Chemist: 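I am attaching a structure below and will ask some questions about it afterwards.
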Protein chains: 2
Amino acid sequence: MKSAQDIKEFEALAISCKALSHPARLAILQTLARRGSCICGEIVAVMPLSQATVSQHLKILKNANLITGEIDGPRCCYCLNTRTIRELRERIGVLFGSLENCC
Amino acid sequence: MKSAQDIKEFEALAISCKALSHPARLAILQTLARRGSCICGEIVAVMPLSQATVSQHLKILKNANLITGEIDGPRCCYCLNTRTIRELRERIGVLFGSLENCC
DNA sequence: CTTGTTAATCGTTAATCGACGATATACAAT
DNA sequence: ATTGTATATCGTCGATTAACGATTAACAAG
């Protein structure tokens, strides 16, 4: 059986992975990683999707705490949440930590 | 705009992440990581889900190439596909490689 | 060949996802 | 106050997901 602690970890990691499980959101994250910050409009310009759809993807990333968004006048400046990303990578590391082969 | 190469990477990573985006599948992977190999039945025993549901999760993991499954008589022995897992981690590394702050 | 066991697949249902256009909100500039 | 711009949210629709019980397929043992 899995411990309660494990289950919490699994749920947290699953939420992050679900947010990462769409090419458009990965493209958004890459853009943010490269440019540091980004006005929403710049992201929309780079993506082959409508403004509404991009906004929805941004919301999903924000809900998963992978990015932060600050209102700046009529614009909104997004950037990566490096803390969550670090945690995500650590969780994956722990999950697969001691890899052994079998078959 | 994103390069065609980028898009392929995003799609491949998205597929892996989608497979990782469920707590039950993470639990299965942890079990495999700890025990090396695993008969399907042992996994079912550890999980609080029906055999059919576990089998479905195993199929998703297998489709994403995160695990391999070999038939062994009436049983099926699963184990992690360390290659895909390594690639997954590398892709995440590349995606977030040069993290800078902005806000 | 029959039986028992293991695992995969089928068929269904409710829930969630992804996409979009339309609309609402928030603020700067005039 | 009005206008224009930027972003978020709403409502809808088709597609996909997750879950399950029931059934089927594959094989070992007798």
Side-chain angles (χ1 to χ4, degrees), chain A residues 2 7 10-29 31-32 35 37-79 102-103, chain B residues 2 7 10-11 13-29 31-32 35 37-80 102-103:
Chain A
K2 302 299 175 188
I7 290 171
F10 294 151
E11 283 168 356
L13 181 50
I15 287 169
S16 290
C17 288
K18 183 169 283 187
L20 293 180
S21 71
H22 192 282
R25 292 196 286 270
L26 296 174
I28 290 171
L29 291 172
T31 302
L32 289 176
R35 306 184 54 160
S37 77
C38 233
I39 303 301
C40 176
E42 301 176 40
I43 300 170
V44 172
V46 171
M47 305 286 299
L49 297 171
S50 77
Q51 179 266 322
T53 301
V54 171
S55 185
Q56 192 172 270
H57 283 306
L58 286 167
K59 189 181 182 182
I60 290 169
L61 289 169
K62 206 171 165 184
N63 283 344
N65 262 307
L66 286 166
I67 65 174
T68 60
E70 284 186 18
I71 293 166
D72 173 22
R75 298 136 178 273
C76 189
C77 171
Y78 286 99
C79 59
C102 57
C103 308
Chain B
K2 303 297 175 188
I7 290 172
F10 293 151
E11 284 169 355
L13 181 51
I15 287 170
S16 290
C17 288
K18 182 168 285 188
L20 294 180
S21 71
H22 192 282
R25 291 195 286 271
L26 296 174
I28 290 171
L29 291 171
T31 301
L32 289 176
R35 306 184 52 160
S37 77
C38 234
I39 303 302
C40 176
E42 300 175 41
I43 300 171
V44 172
V46 172
M47 305 286 299
L49 297 171
S50 76
Q51 178 266 322
T53 301
V54 171
S55 185
Q56 194 172 271
H57 284 305
L58 286 166
K59 188 181 182 182
I60 291 169
L61 290 170
K62 206 171 164 184
N63 284 344
N65 262 309
L66 286 166
I67 64 175
T68 59
E70 285 186 17
I71 293 166
D72 173 23
R75 299 137 177 271
C76 188
C77 171
Y78 287 100
C79 57
L80 295 181
C102 56
C103 306

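Lettering follows sequence order; numbering is per chain, from 1. These numbers were taken from a predicted model, which means no experiment stands behind them.
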Chemist: Backbone N or O of B:A27 within a donor-acceptor pair of the B:T31 side chain at under 3.5 Å?
Modeler: yes
Chemist: Do A:I67 and A:L58 make a side-chain contact, defined as non-hydrogen atoms from C-beta onward lying under 4.5 Å apart?
Modeler: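 Touching, per the 4.5 Å side-chain cut-off.
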Chemist: Got a sec, which residues hit side-chain contact (heavy atoms from CB on, under 4.5 Å) with B:H57, two or more places apart in sequence or on another chain?
Modeler: B:H22, B:A24, B:R25, B:I28, B:L49, B:T53
Chemist: Got a sec, which residues hit side-chain contact (heavy atoms from CB on, under 4.5 Å) with A:K59, two or more places apart in sequence or on another chain?
Modeler: A:N63
Chemist: Listed by chain and number, what are the side-chain contact (heavy atoms from CB on, under 4.5 Å) partners of B:A14, not counting sequence neighbours?
Modeler: A:P23, A:L26
Chemist: Below 4.5 Å, heavy atoms only, C-beta onward: do B:Y78 and B:T68 meet side chain to side chain?
Modeler: no
Chemist: Are the side chains of B:L20 and A:L13 in touch, meaning some heavy atoms are under 4.5 Å apart?
Modeler: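 No, every pair of side-chain atoms sits at 4.5 Å or beyond.
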Chemist: First and last nucleotide of DNA chain C in contact with chain B, 5' to 3', at under 4.0 Å to a heavy atom: what are they?
Modeler: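 Range of nucleotides within reach of chain B: C:dT6 to C:dT9.
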Chemist: To the nearest 10°, let me know how far the axis at one end of the helix from C:dC1-D:dG30 to C:dT30-D:dA1 is tilted from the axis at the other, five pairs an end.
Modeler: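 The value is 20°.
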Chemist: How far apart are the C-alpha atoms of B:I43 and B:M47, what are their side-chain angles, what is the distance that settles it, and do they pass the side-chain contact (heavy atoms from CB on, under 4.5 Å) test?
Modeler: CA-CA 6 Å; B:I43 300 171; B:M47 305 286 299; 4.1 Å; yes
Chemist: Side chains of A:V44 and A:C40: does their closest heavy-atom pair fall under 4.5 Å?
Modeler: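 Side-chain contact under 4.5 Å: yes.
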Chemist: Taking the side chain from A:S55 and the backbone from A:A52, do they hold a donor-acceptor pair closer than 3.5 Å?
Modeler: no
Chemist: Can you check each nucleotide of nucleotides 16-22 of chain D against protein heavy atoms at under 4.0 Å and return B for base, S for sugar-phosphate only, - for none, in 5' to 3' order?
Modeler: -SBBBBB
